[in-house]
Amino acid sequence: MTVDHVPYIVWFEDCHAGATDLVGGKCASLGELHRVPVTVPGGFAVTTHAHREFMDRHDIAEHASAVIAGVDMHDAAAVDEAARIVRQVFAEADMPSAVEDSVLGAYDKLCERSRSEGLAVAVRSSATAEDNVSASFAGQLETYLWLRNPDEILDGIVRCWSALFEPHAADYCRQLGVAFDQVFMSTAVQRMVDARSAGVMFTLNPVNGDRSKVMIESCWGLGEGIVTGEVDPDRYAVDKVTLEILDRHEGNKTFAYRPDRDTGGVSVQETSPGEATVPSLRDDEIVAMAEVGKRVEAYYGAPQDIEWAIGGVAGSEDASELYILQARPETVASNISESVTDGSARSALDFVVKEMVSRGGEDAS
Amino acid sequence: MADPAGFPSPFDVTAPEGAEGWERLYPYYYLFSEERRSFEEPKFWFHDSMHNAEPVYPFDTIMTESWLVALNQYTTRVWLVPPALGIDQRLVNGYLYLSPNVVQDPELVAERAEHFRERAGYYFDHWDELYAAWIEKAEDCIARLRSIEFPDLPEREPMETITSGRGTTSSFDLLTKYSRLLENMHEMAYYHFEMLNLGYGAYLTLLEFCKNAFPDIRDQTVARMVAGIDILFFRPDDELRKLAALAVETGVAEPLKGKGSPDERLAALREYENGAQWIDAFEAAQEPWFWYSTGPGYCHQHRAWRDDLRIPFSSIEGYIEKLEAGEDIARPIEELQLERERLVGEYRKLLKTDDDRTAFDELVGLSRTVFPFVENHNFYVEHWHHTIFFNKVRELGDLFVAHGFLKDREDVFFLHRYEIYSALYDLEIGWATSTPSRGPSYWPEEVAERKRILGVLQEWAAPPALGVAPEHITEPFTIMLWGITSDTVDNWLGRGETVGENELRGFAGSPGVVEGVARVIRTVEELDLIETDDVLVCPLTAPSWSPIFAKIKGAVSDGGGIMSHAAIVSREYGLPAVVGTGFATQRIKTGERIRVDGDTGMVTKL
């Protein structure tokens, strides 16, 4: 395949795990999720090829490297200033017209598919680094929500690219021994779900590694408040085998991230007093979600960390469809592999004797 | 001295007004006493609301005492369960309180463990053949029980006494038959516990393993992994389903519905062309399946379906209505079987190491070996044997009525078993010497007084526990059989989580949440009061109250543990249930709206 045939955009449904170099981990995963299958909000990857094309046209890398070269990472003000200059350098660079045409053409098609003009989308980084790196890299990656016109979208994409050259990311790359100017980033452009509720789901208990549980956290509106840890979410533990809700905690959800109808974008809005302590999920939704989590886990063959949203999309009557926004392997608790047995007992009788002996105690007084 | 943060001392509990002197209804060793105070007072005593929610009738102490001896000696002297000695019993205002004794010395625990391994190991290794032999013993015991009869003493000994040269008389037979009756009860008590402790021990080990491997897994989920599907437990109810289906098929459903008594319904049925066919099937189903107690089977008031057809009739009617509404009432045996295998298969895959999978396989295997006995013994013992046993005692009551000792056959239960020996001797003296027995001038009055006292005691609200609360409950049978855990005690004491004034904390017995009107039912006689969509609030949810489970929306009980019949049947009927609340029948009144959360174990007054 010659460079001329490498696409600038790839629709999610065509993304797959083998194409991570081109579409990044997040988009590859969104493509795989179509095959689980689960419902994923539509969209496309702006490929690493598009990023490379952009960088090749300009001497941005050189320019940005010079800006951050001497920055003292302990000097917050200097770091911020350098980041601002880097962003400005990127923002002032022209987008290659072939890339721009591809992206905007795809966006138009997405609007068409959704039968909705000015469709709100999210733009997110989709890194190409390996799983464990990208998982840890998560904090360095960018997300822009509720973008509704071509300029905002293009701007969002460029900002995802520029983020790699900001001092923190560059420093992080140095620590990982990765040349930051050799990292190319794909970007996901994805239809936003007008989320009634959203949150995260782990297909194991991330605290103790218990794989028989699905743990769900949920809040009103978009899930950002949970990802950042600002919202006290509703928490549910579901038995993965019986799908019973074993434990529930209703959080005090005093605010929610919601699209701002006046200014565009997303803003933090107070919830009504009634909303704050009312569960943001119905029991049937919790169970259905756990089932989806089970399917995703089975597809990948490993515990997953899943972002989801429940809500409507333009042109749909149903305001409570479950969308999977992202799934990635859970890499910490899934490595806990302690036995619950200590090897001293082998036969059932050994276990029974041990259990009985362990029950010596003080009941009598 | 009462524990400042605990329960009342048993020595501070006084008789309710009008029930003074209740102690004489019971054997002396059943009472708290000053001589044993230093041993008794520092102990923890919990009310056996599970088997004996009401004050124990004097005669019914034979039941509690049978297990006081049989269960405990298996624990203490036969299997040498390492940390457990027996579970002590005392009566307080007629209510049965229990206190587990444990082995404190670790060296002794270790020594007992070696014996336990050898002894339990033998039974586990030979379980199937021992269980087959057990069924034969149990059925033989029941057959011998049925053969015991108490004919009246003849005016003259028959000629046969002379011609056979037997040398003893009808009077001797009467005394020995009464002895046979008591011995028969004790014999069954031994069989009851011969294999039960081991069965529960095996299951408890699996349960603990699963709780370690899958923290917060529901007890009921573990039970479902090993529970039998086609077991005697469900058989009586299955018979009713079959009878309902037959009634619908043969067009005799109509007379089985409505307000009429069982006898009236049967009479109406006879007018139908196919009525006789249904009645034949009905009678065939009764032996032995209608020897099914309407309660836990420990009290004489819990009659068999055979003796009180209201419950099976009500159940049949419920099933007929479902069939007529187009519902399939057959239990989905195959589906349940597949579900059981799915549970085991999926949890097994979720274990993290090969060692854990080996342990899981071993423990599931052993639990499944022992479970048929664990699940089926109830039918043989508590239902079939005990209901017939109490009927035999009633036959003895008839003899006393005939001789003026008692006014009614049921009055016999106001005498404890040693007093019946005395009364029989009194009767025989009168018969032998031809002088008036003292009984007719002594017992009717005494029984009337005892009825009055028990009536007062029935109104007494028994505290869920007495004495000093332990920090932890570890004794395995207290946990398995009565569902008393450290959490239960904390809950009773209001320790741990704070519970609102309108809330009662219990254990999640059967999942789901329901709101409805409470109906407090303390005794089986009150079951008629239940109306459709009531939420049942009772000391214990007994499975053989099955028709009401078809009517009610949910259930709450004072007592009950994970192996209680209550939890199993509520799940079978898909009803939310909260068990082990301690005080539901005291705190909730009929007519109040309550919410039963069978997922979290919380009951809320609305």
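In what follows, chains carry the letters A, B, and so on, assigned in the order in which the sequence lines appear, proteins first and then strands, with residues in each chain numbered from 1.
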Looking at A:Leu246, A:Asp247, A:Leu204, which one has more heavy-atom pairs under 4.5 Å with chain B than the rest? A:Leu246
Is B:Phe124 in contact with chain A via its backbone, its side chain, both, or neither, using a 4.5 Å heavy-atom distance? side chain
Atom pair CG/CZ of B:Leu204 and A:Phe351 - distance to nearest 0.5 Å: 14.0 Å
When only pairs under 4.5 Å are counted, which of B:Ser367, B:Ala213, B:Ala113 shares the most heavy-atom pairs with chain A? B:Ala213
Run the side-chain contact (heavy atoms from CB on, under 4.5 Å) test against A:Ser347 and tell me which residues pass, sequence neighbours left out. A:Leu349, A:Asp350, B:Glu362
Interchain contact, A:Arg248 with chain B, by part (heavy-atom threshold 4.5 Å): side chain
Closest heavy-atom pair and its distance - A:Ser339, B:Thr353: OG-OG1, 2.6 Å
Hey, which residues of residues 26-33 of chain A are touching chain B, say heavy atoms under 4.5 Å apart? none
Under a 4.5 Å cutoff for heavy-atom pairs, which residue among B:Asp355, B:Asp125, B:Leu366 has the most contacts with chain A? B:Asp355
Can you measure from CH2 (B:Trp79) to CE (A:Met356) and round to the nearest 0.5 angstrom? 13.0 Å
Using only heavy-atom distances, determine whether the side chains of A:Thr341 and B:Asp356 contain a donor-acceptor pair under 3.5 Å. yes
If the contact rule is any heavy atom under 4.5 Å from chain B, which residues of residues 235-245 of chain A qualify, in numerical order? A:Asp239, A:Lys240, A:Val241, A:Thr242, A:Glu244, A:Ile245
Options A:Lys354, A:Glu338, A:Arg211, ranked by heavy-atom pairs under 4.5 Å with chain B, top entry: A:Arg211
Just wondering, more than 12 heavy atoms not from B:Glu341 lying within 6.0 Å of its CD? yes
Hey, are A:Lys294 and B:Glu346 close enough for a salt bridge, meaning a charged N less than 4.0 Å from a carboxylate O? yes
So which part of B:Leu351 gets closer than 4.5 Å to some heavy atom of chain A, the side chain, the backbone, both or neither? neither
Less than 4.5 Å to any heavy atom of chain A: does that hold for the side chain of B:Phe214, its backbone, both, or neither? both
Checking A:Asn208 against chain B: side chain, backbone, both or neither under 4.5 Å from a heavy atom? both
Sequence neighbours left out, what passes ring-ring contact (aromatic ring centres under 6.0 Å, His included) with A:Phe12? Give chain and number order. none
